[in-house]
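Below: one structure, written as structure tokens.
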Amino acid sequence: MAAHQEKKTSEERNHKGTQKDTQTSQVQWGRAWEVDWFSLASILFLLMFAPLIVYYFIMACDQYQCSLTEPLIDLLTGNKHLADIWNSTPTLTYRAAAIYTLWVAFQVVLYVFIPDFCHKFLPGYVGGVQEGAVTPAGVVNKYEINGLQAWLITHVLWFANAYYFHWFSPTIIFDNWIPLLWCANILGYAVSTFAMIKGYFFPTNAKDCKFTGNFFYDYMMGIEFNPRVGKWFDFKLFFNGRPGIVAWTLINLSYAAKQQELYGQVTNSMILVNVLQGIYVLDFFWNEAWYLKTIDICHDHFGWYLGWGDCVWLPYLYTLQGLYLVYHPVQLCTANATGILILGLIGYYIFRTTNHQKDLFRRTDGNCKIWGKKPEYIECSYMSGDGTKYYSKLMTSGFWGWARHFNYTGDLMGSLAYCLTCGFEHILPYFYIVYMTILLTHRCIRDEHRCFSKYGKDWKYYTSAVPYRLIPGVF
Ligand code: NDP
């Protein structure tokens, strides 16, 4: 919608101002065409070590009560050999394979075969067929937004099973956690490899493919922009949102059930993790149409980074706090629990309000009110690969006037709150805040590089008007 408005505006106006800048940048925006040595080294590092990092964390919980140092000490002192640790690791089981296959198949059915009905009765919810942003080749894809519905159906069934049907134990996810890890890896590698082959031989939109000539970079960062099977099965929307993010809240519920089984009670820290992360997940699905305009969908190509990352990294490492609390049930005093809840809610408020302000601004083409006033903005223009000139606006009002990525700041505050629920005995639960800080700082830099390539000197005007990235006055 916004893309059409921008295009229409462009047709109605004279090409003026930054024509020269945007012409030089037209072939550059979107993912890189060339690979520098630093990117290549980072990619090789991640391809080799990311699966090991996930294994190490989950194994440390399973065999060492979530201590990250003890396995290393055991290995360095010769107390244990790698083979001992590996031999104590649960293997792939038929049961886990069956659970995982059923899970993914169920999410595919919900995604492909049940058109959204939530938007028909939930006021304010945007679901059903929605348009994504304009791609570098000038394509505007349509998406069936039915994630909230998939999440609701899945969770209603989960609770119906837990309290009424008793088909399986609610601890099923925790009880099969490592065997399920092997299944998630198989799917993650399979889908990334398939996406790569598809990019070469039968891409959905050849003009939006990018080949750097470097096998590892292309495998990691993806070739195709929006790979699809058929008209509607969009890889990015499916793998980003489901099965990983729908599973996130179920995984936490399974951890809570395990605490109940082991200790006869669920601690307030576990409830806080379930509530705060539940709000974040529900927010994601409530705003799934908005998600079409985020970097994952608008700018990233689909490779191992998204394919394996969504299948393995996200469900296993984003849920470490709940897993930790199964091994170390922390009961927080009321003051600490309240403080953490307030930090998490303020973080969420900043995250949501900032994202909402941009969405509203872009949807209405600036004809809206931000904090009761007409928004201020910088006009900018860019060109797609087919030579069409588009106009856009960068808002400098509201939270977007405080910092260029204040939504990330809110996200980081929320992330810190999840970690704090676990107390200070171990560092494992703090992995999430460390990772999110690296991810979102890198994302700032990556996004700003792309925006500069896209908007040229207009982007410079914007960064002079809003000089800070994450924390006003500091960074
Ligand atoms: P943004 O939603 O901030 O989108 C960045 C894009 O917005 C830019 O590329 C530009 O796109 C546009 N833009 C930038 N500045 C302005 C402005 N002043 N006015 C209008 N438009 C602007 O980033 P993300 O997609 O990375 O993040 C979305 C949310 O998702 C964030 O809140 C983030 O915290 C969260 N997130 C969470 C992750 C997790 O793992 N939990 C991972 C990644 C993100 P254009 O080309 O259209 O101008």
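For ligands, and for the atoms within them, numbers begin at 1 and follow the listed sequence.
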Tyr280 ring center near Phe351 ring center (under 6.0 Å):
yes
Report, in ascending order of atom number, the atoms of ligand 1 lying under 4.0 Å from any heavy atom of Asp447.
5 (C), 8 (C), 9 (O)
Looking at Asp411, which atoms of ligand 1 are within less than 4.0 Å of one of its heavy atoms?
33 (C), 34 (O), 35 (C), 36 (N), 37 (C)
Number the atoms of ligand 1 from 1 as they appear, then name those within less than 4.0 Å of a heavy atom of Arg443, with their elements.
26 (O), 43 (C), 44 (C)
Are any of the N or O atoms of Trp459 closer than 3.5 Å to those of ligand 1?
no
Ligand-side contact atoms (ligand 1) for residue partner Thr294, heavy atom cut-off under 4.0 Å
25 (O), 28 (C)
Heavy atom of Tyr318, distance to ligand 1 below 4.0 Å:
yes
For the residue pair Pro243 and Trp103, what are the closest heavy atoms and their distance?
CB-NE1, 3.1 Å
If you measure every N or O of Trp400 against every N or O of ligand 1, does any of those distances drop under 3.5 Å?
no
Would you mind running through ligand 1 and noting each atom that sits below 4.0 Å from a heavy atom of Arg362?
20 (C), 21 (N), 22 (C), 45 (P), 47 (O), 48 (O)
For ligand 1, which is the ligand I care about here, please tell me if Met395 has any N or O atom under 3.5 Å from one of the ligand's N or O atoms.
yes
In terms of atom number and element, which parts of ligand 1 are under 4.0 angstrom from non-hydrogen atoms of Trp290?
28 (C), 29 (C)
Go through ligand 1 atom by atom and flag the ones less than 4.0 Å from a non-hydrogen atom of Tyr280.
37 (C), 39 (C), 41 (N)
Return a yes/no value for His405: is any of its N or O atoms, backbone included, closer than 3.5 angstrom to an N or O of ligand 1?
no
If only side-chain N and O atoms count, and only distance matters, is there a donor-acceptor pair under 3.5 Å linking Thr421 with Gln321?
no
Is there a donor-acceptor contact under 3.5 Å linking the side chains of Trp402 and Thr354?
no
Restricting to heavy atoms, the pick from Lys358, Lys293, Arg352, Met436 nearest atom 2 (O) of ligand 1 would be Lys358
With respect to Arg404, determine whether any N or O atom, backbone or side chain, lies less than 3.5 Å from an N or O atom of ligand 1.
no
Proximity to ligand 1 by part of Cys298, non-hydrogen separation under 4.0 Å
neither
Would Ser392 count as a polar contact of ligand 1, with the cut-off being nitrogen or oxygen pairs under 3.5 Å?
no
Output the list of atoms in ligand 1 that are nearer than 4.0 Å to some heavy atom of Lys393, sorted by atom number.
20 (C)
Between Asn355 and Asn407, is there a side-chain donor-acceptor contact under 3.5 Å, judged purely by atom types and distance?
yes
Chi angles and distances behind the side-chain hydrogen bond (donor to acceptor under 3.5 Å, both in side chains) call for Tyr305, Ser192
CA-CA 8 Å; Tyr305 168 73; Ser192 317; over 6 Å; no
Would you check whether Tyr462 reaches within less than 4.0 Å of ligand 1, judged by its heavy atoms?
yes
Over-ring placement of Lys236 relative to Phe225, 6.0 Å and 45° cut-offs:
yes
Only heavy atoms count here, so choose which of Trp313, Phe406, Tyr408 is nearest to atom 27 (O) of ligand 1.
Tyr408
Flag for Asp218-Asn214: side-chain donor and acceptor within less than 3.5 Å:
no
Taking only non-hydrogen atoms of Tyr455, do any sit less than 4.0 angstrom from ligand 1?
yes
Check for me whether Val466 has a heavy atom closer than 4.0 Å to any atom of ligand 1.
no
Regarding Ser392 and Glu379, do their side chains bring together a donor and an acceptor under 3.5 Å, going by distance alone?
no
If you measure from each non-hydrogen atom of Leu439 to ligand 1, which part falls under 4.0 Å: side chain, backbone, both or neither?
side chain
Can you confirm whether the side chains of Asp458 and Tyr382 place a donor and an acceptor under 3.5 Å from each other?
no
Please determine whether a side-chain nitrogen of the Lys or Arg among Asp359 and Arg363 lies less than 4.0 Å from a carboxylate oxygen of the Asp or Glu.
yes
Should Glu448 and Arg469 count as an ion pair when the cut-off is N to O under 4.0 Å?
yes
Do Arg352's NZ or CZ and the ring of Trp290 fall within the cation-pi criteria of under 6.0 Å and 45°?
yes
